[in-house]
Amino acid sequence: MRAISRLFSISYSKPPSCSYTSLASTSSSSIPADSSSLLNDFANFCHNRDLPRAMQALEAMERHKLWADAITYSELIKCCLARGAVREGKRVHKHIFSNEYDPKTFLINSMLNMYVKFNLLEEAQILFEEMPERNVVSWTTMISAYSSSKLTEKALNLLKLMLRNGVMPNMFTYSSVLRACERLSDLKQLHSSITKVGLESDVFVRSALIDIYSKLGELQEAFNVFNEMLTGDSVVWNSIIGAFAQHSDGDEALYLYKSMRRAGFPSDQSTLTSALRACTSLSMLELGRQVHVHVLKFEQDLILNNALLDMYSKCGSLEDAKSIFNRMAGKDVISWSTMIAGLAQNGFSKEALNLFESMKTLGPKPNHITLVGVLFACSHAGLVNEGLYYFRSMKNLYGIDPGREHYGCILDLLGRAGRLDDAVKLINEMKCEPDVVTWRTLLDACSVHRNVDLAKFAAKEILKLDPQDTGAYVLLSNIYANSKRWDDVAKVRRSMRARGVRKEPGCSWIEVNKYIHAFISRDKSHPQIHEINRQLNQLISRLISAGYVPDTNFVLQDLEEEQGEASLKYHSEKLAIVFGIMNYPREKTIRIGKNLRICGDCHLFAKLAAKLEQRHIVIRDPIRYHHFQDGFCSCA
DNA sequence: GTAGGGTTAG
């Protein structure tokens with residue numbers, strides 16, 4: 001290296017002793033020493049990725065009218081790319097396009113690729129249009145650039161143009177353009193072209209197909225592509241596992257995760273992230289802990305750690321979540337937001353707000369999702385003034401415009417405080433259109449504060465937007481039942497039948513010995529159902545002697561009081577609680593997941609059962625967590 | 001010289 005640099009500094013400061021033409025016309029043995037060593041040095045600098053010296057040599061070469069070979073130039077371009085050296089890259093472009101050099105297509109493709117990677121799409125586009133000759137790589141590079149910039153139409157049009165120019169797309173082209181699909185019709189068309197030319201067996205194309213079908217909500221079609229797999233690799237597995245995990249089919253995702261391991265494919269960061277997400281959606285803490293063991297290999301992976309953090313907080317194990325959070329070296333806005341939301345959802349509102357305060361000084365800039373967690377903490381703890389303060393200062397302090405989610409939290413906050421008029425006023429002031437969730441929040445508040453007229457209004461708004469919304473019918477019917485307006489209850493039920501809406505059955509589940517045991521109200525399919533019912537009856541009798549009065553306001557149907565109690569008695573969460581008591585030692589927390597919001601009677605039942613049985617019970621409904629202990633619940 | 005999979009909200 002030292003010899004080269006000495007040569008370099010001595011010879012190139014002198015005027016040229018030969019020209020490019022003389023070089024070209026003489027045999028290599030007769031090239032004057034300083035010219036050939038200049039080219040040699042240049043090649044060495046490029047191969048050793050010594051950018052500053054390579055650029056110096058490049059200047060000297062231009063003065064001497066010397067040109068290197070295409071391979072060396074492409075090395076130099078790679079070097080610019082690796083260092084993010086945009087200015088140098090453009091300089092190389094100018095050098096190569098000088099009048100006395102005729103760059104080959106593959107070298108221009110390298111330049112094209114460099115501009116794309118630097119996200120200089122305009123430069124790339126100009127270069128692409130000026131190229132004397134475009135091959136499959138040139139077209140694919142541009143299509144890929146448009147795809148990753150979400151310029152869907154441009155990507156698809158360029159593919160059409162490519163075909164019209166008689167250039168055959170290859171697997172690179174298809175796997176690039178697939179990402180740009182936003183319409184199912186485009187995807188179907190591409191898929192059939194891919195099959196026609198026999199490229200569906202390429203693993204890149206296959207994973208791209210799975211991914212895009214899943215993103216467009218066609219999970220079954222994604223699964224079909226996976227199932228036709230004769231050729232597969234771990235990314236194809238990860239694509240399908242991720243698809244199920246993201247569509248909240250944790251069961252299928254975990255089944256595939258196990259099959260993947262059985263098939264001998266090692267799991268990596270992506271696999272484990274999806275596996276954790278699946279555990280999260282199923283509230284499978286114990287399995288999540290087992291996945292955690294495999295995560296240790298990838299301790300530095302931020303996304304994986306974020307997923308772990310989320311798993312522990314959503315599975316109700318805040319101690320584990322906190323310890324992960326504290327141990328994480330690089331925390332991004334997602335880590336902070338996840339931890340804040342986790343604390344808030346589990347009822348630790350003050351801690352969530354404290355963490356937000358430290359984020360302001362120690363962490364990254366909060367985003368709109370962080371603020372959802374903060375406002376949720378306020379609404380959860382009934383901190384009306386704090387909530388309104390954060391809500392009003394969002395724009396000024398963080399430049400975030402409040403969205404539906406933020407309005408939703410504030411609606412919930414006002415609703416819980418019984419300020420229904422203010423809640424309605426807020427809906428009228430919203431900058432965005434209220435959606436089903438907005439109106440349901442109001443409906444919930446009406447249900448708590450027994451405002452039948454406003455409830456009717458909110459339910460109507462929901463059904464205008466979604467005539468099939470089961471929740472609205474059920475809530476409205478419950479509110480009527482609360483006021484013993486049985487005629488109205490019957491009217492709601494008739495209307496449900498007329499529109500073919502069925503109440504989604506309540507389902508609760510609990511993990512025992514690595515298996516999920518799911519219960520549906522009145523379902524008799526569990527092998528131990530008789531024993532569970534027997535123990536449930538015993539527990540209810542003990543609770544009644546301790547003062548429990550079943551709250552029949554939560555019975556959907558117009559039933560005689562006694563029948564009503566019977567229907568309440570077999571609510572799925574009660575079955576799951578009893579099953580947990582039967583199978584868990586006293587010191588172990590009983591954790592239950594559930595698809596619908598917990599009803600008031602089951603909430604009371606869980607509080608009293610936790611006290612009487614001296615158990616810690618955690619129930620996670622679709623929105624928040626209820627930690628029952630000593631006759632109290634964290635949800636206040 | 002061109003291509004693929006993962007994390008936060010109601």
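Note on naming: letters A, B, ... go to the chains in the order of the sequence lines (proteins, then strands), and numbering restarts at 1 for each one.
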Classify the side chain of [X] and the base of [N] as holding, or not holding, a donor-acceptor pair under 3.5 Å.
X	N	answer
S207(A)	dG4(B)	yes
S176(A)	dA3(B)	no
D268(A)	dG6(B)	no

In whole Å, what is the span from the [atom1] atom of [X] to the [atom2] atom of [N]?
X	N	atom1	atom2	answer
L308(A)	dG6(B)	CG	C1'	13 Å
W237(A)	dG6(B)	CH2	P	17 Å
Q300(A)	dG6(B)	CD	C1'	17 Å
I427(A)	dG10(B)	CD1	P	18 Å
Y390(A)	dA9(B)	OH	P	20 Å
N170(A)	dT2(B)	CG	C1'	7 Å
L276(A)	dT8(B)	CG	P	11 Å
F128(A)	dT2(B)	CZ	C1'	12 Å

Task: Beyond-backbone contact of L159(A) with L190(A), side-chain heavy atoms, under 4.5 angstrom - done: yes
Open item on the list: Using side-chain heavy atoms (C-beta onward) and a distance below 4.5 Å, is L161(A) in contact with W139(A)?
Closed with: yes
Does [N] have OP1 or OP2 sitting under 4.0 Å from an N or O in the side chain of [X]?
X	N	answer
R179(A)	dG4(B)	yes
Q269(A)	dT7(B)	no
K314(A)	dA9(B)	yes
N306(A)	dT8(B)	no
R277(A)	dT7(B)	yes

Open item on the list: Testing the 3.5 Å rule here: is there a donor-acceptor pair between the side chains of Y101(A) and H95(A)?
Closed with: no
- [ ] Establish, from distance only, whether the side-chain atoms of S323(A) and D320(A) form a donor-acceptor pair under 3.5 Å.
- [x] no
Open item on the list: I'd like to know if R404(A) pairs up with E433(A) as an ion pair, taking the criterion as any Lys NZ or Arg NE/NH1/NH2 lying under 4.0 Å from an Asp or Glu carboxylate oxygen.
Closed with: no
